[in-house]
Amino acid sequence: MKSKMIFGFHAVTSRIRHEASSVEELYVDADRNDARMRDLLHAAKAAGVRIIQADDQRLSNIVGTRRHQGVVAKAGELSLARNLDELLDVVEGPPLLLILDGITDPHNLGACLRVADGAGAHAVIAPKDRAVGLNATAMKVSSGASDTVPYITVTNLARTMRDLKDRGVWLIGMADDADKDLYAGDFSGPTALVMGSEGEGMRRLTRETCDILVSIPMFGSVESLNVSVASGVCLYEARRQRLPK
């Protein structure tokens, strides 16, 4: 089983809580002894996780950043859905998906995963190329959502979108210049919300493959929202429309 390094209290605590057996080793700052660390160590010991004392510099070297909060875990991959067929075959009710076209900032990806988890999205889909990928920083920012929301990467995003159409999924793209706003869209059925990259938005073919384009109405002086904020606004509108009448 392929292993990866995850760091930060939220990400590591979530992994131990959801699937402690996947955590191979837990590295902790030997100089940190606050309540948060004690709680984590208690949970790790109760789950039988091997704990290794380390200094701040070693932890920074392991993950390539000093923002590890004194907690780093070596963990195997979780058994989340790895492809769309596997996912859609087990989804109960109309699927709700988030498609990210070319997100390059790991902080934005992590925040998108976090809001996808909060809104109950079934998966986040992204291209393998020209996108950041699920690295350690994205996992930390996701606050554990990377352990609960399948992150499915695909070789050809436009082809994947067409496959989703064939399975009855409605593709709703977010574009600032769309004629209709978000609240005119119908998100109650099988839906995939499509978000573009931080600077350029959706690529041409991605945009053309969408069934409909909608915009988020802006009432202040800024022209647009951060992609993770926009994802949250749209996913929660979809969730609102799915509430029992």
Side-chain angles (χ1 to χ4, degrees), residues 10 14 87 91 93-127 131-132 134 137-153 157 160-161 164-165 169-204 206-245:
H10 280 301
S14 174
L87 173 80
V91 167
L96 176 60
L97 309 172
L98 178 63
I99 297 176
L100 302 175
D101 183 19
I103 301 302
T104 58
D105 185 337
H107 295 87
N108 280 338
L109 174 57
C112 285
L113 284 164
R114 186 173 182 174
V115 77
D117 177 271
H122 295 104
V124 174
I125 302 165
V132 62
L134 190 58
T137 298
M139 294 175 70
K140 177 181 183 296
V141 175
S142 78
S143 295
S146 60
D147 289 343
T148 57
V149 179
Y151 179 68
I152 298 174
T153 56
L157 185 60
T160 298
M161 292 171 66
L164 286 171
K165 282 187 177 186
V169 177
W170 187 246
L171 304 179
I172 302 178
M174 299 297 133
D176 294 339
D177 59 350
D179 294 333
K180 296 182 178 181
D181 70 29
L182 170 71
Y183 303 109
D186 182 1
F187 300 78
S188 58
T191 301
L193 298 166
V194 187
M195 300 285 173
S197 64
E198 296 93 338
E200 301 177 359
M202 289 181 288
R203 288 174 291 177
R204 179 187 59 80
T206 303
R207 181 183 175 111
E208 291 176 354
T209 309
C210 292
D211 291 300
I212 187 174
L213 299 176
V214 299
S215 64
I216 297 175
M218 303 297 294
F219 300 101
S221 58
V222 299
E223 295 181 357
S224 63
L225 299 174
N226 171 278
V227 63
S228 62
V229 176
S231 296
V233 171
C234 297
L235 285 170
Y236 273 93
E237 170 59 17
R239 182 54 57 195
R240 184 194 67 81
Q241 292 188 17
R242 294 163 183 237
L243 292 173
K245 301 298 184 181

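With a 4.5 Å cut-off on side-chain heavy atoms, Thr104 and Ser197 do not count as touching. Between Met202 and Cys210, the closest side-chain pair of non-hydrogen atoms falls below 4.5 Å. Counting only heavy atoms from C-beta outward, the side chains of Ile99 and Leu157 approach each other to under 4.5 Å. The shortest distance between side-chain heavy atoms of Asp186 and Trp170 does not fall below 4.5 Å. With a 4.5 Å cut-off on side-chain heavy atoms, Tyr183 and Val214 do not count as touching. The closest side-chain heavy-atom distance from Leu213 to Lys180 is not below 4.5 Å. You'll find the side chain of Ser146 reaches within 4.5 Å of the side chain of Leu134, heavy atoms only. Side-chain atoms of Leu97 and Leu164, non-hydrogen and from C-beta on, do get closer than 4.5 Å to each other.
Rounding to the nearest 0.5 Å gives a distance of 13.5 Å between CZ of Arg242 and OH of Tyr236. With rounding to the nearest 0.5 Å, the separation of OG1 in Thr160 from CG in Leu171 is 10.5 Å. Separating the OG atom in Ser224 from the CE atom in Met218 is a distance of 6.5 Å, to the nearest 0.5 Å. The distance from atom OG of Ser231 to atom CG of Leu100, rounded to the nearest 0.5 Å, is 5.5 Å. Residue Met195 holds its CE atom at 10.0 Å from CD1 of Ile172, rounded to the nearest 0.5 Å. A distance of 6.5 Å separates CD1 of Ile216 from CE of Met174, quoted to the nearest 0.5 Å.
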Problem set entry | Test log, rule side-chain contact (heavy atoms from CB on, under 4.5 Å), inputs Met161 and Val194 | CA-CA 10 Å; Met161 292 171 66; Val194 187; 4.1 Å; yes
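Taking all atoms of both residues into account, the shortest heavy-atom contact from Ser215 to Pro217 is O-CD, 3.5 Å. For the pair Pro94 and Gly189, the tightest heavy-atom approach, listed with the atom from each and the gap, is CB-C, 3.6 Å. Closest of all the heavy-atom pairs between Val141 and His107 is CG1-O, 3.5 Å. Across all their heavy atoms, Gln241 and Phe187 have their closest contact at OE1-N, 2.7 Å.
For the 3.5 Å distance criterion, the side chains of Thr206 and Asp101 qualify, holding a donor opposite an acceptor.
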Please tabulate, one pair per line, all N/O donor-acceptor pairs under 3.5 Å involving side-chain atoms of residues 113-127, not counting sequence neighbours.
from, atom 1, to, atom 2, distance (Å)
Arg114, NH1, Ser143, OG, 3.1
Asp117, OD2, Thr148, OG1, 2.6
His122, ND1, Leu96, N, 2.9

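The backbone N or O of Ala184 lies less than 3.5 Å from a partner atom in the side chain of Asp181, making a donor-acceptor pair.
For Ser228, the side-chain hydrogen bond (donor to acceptor under 3.5 Å, both in side chains) partners at least two apart in sequence or on another chain are Asn226. Every residue two or more places apart in sequence or in another chain that forms a salt bridge (Lys or Arg N to Asp or Glu O under 4.0 Å) with Arg207 is listed here: Asp177.
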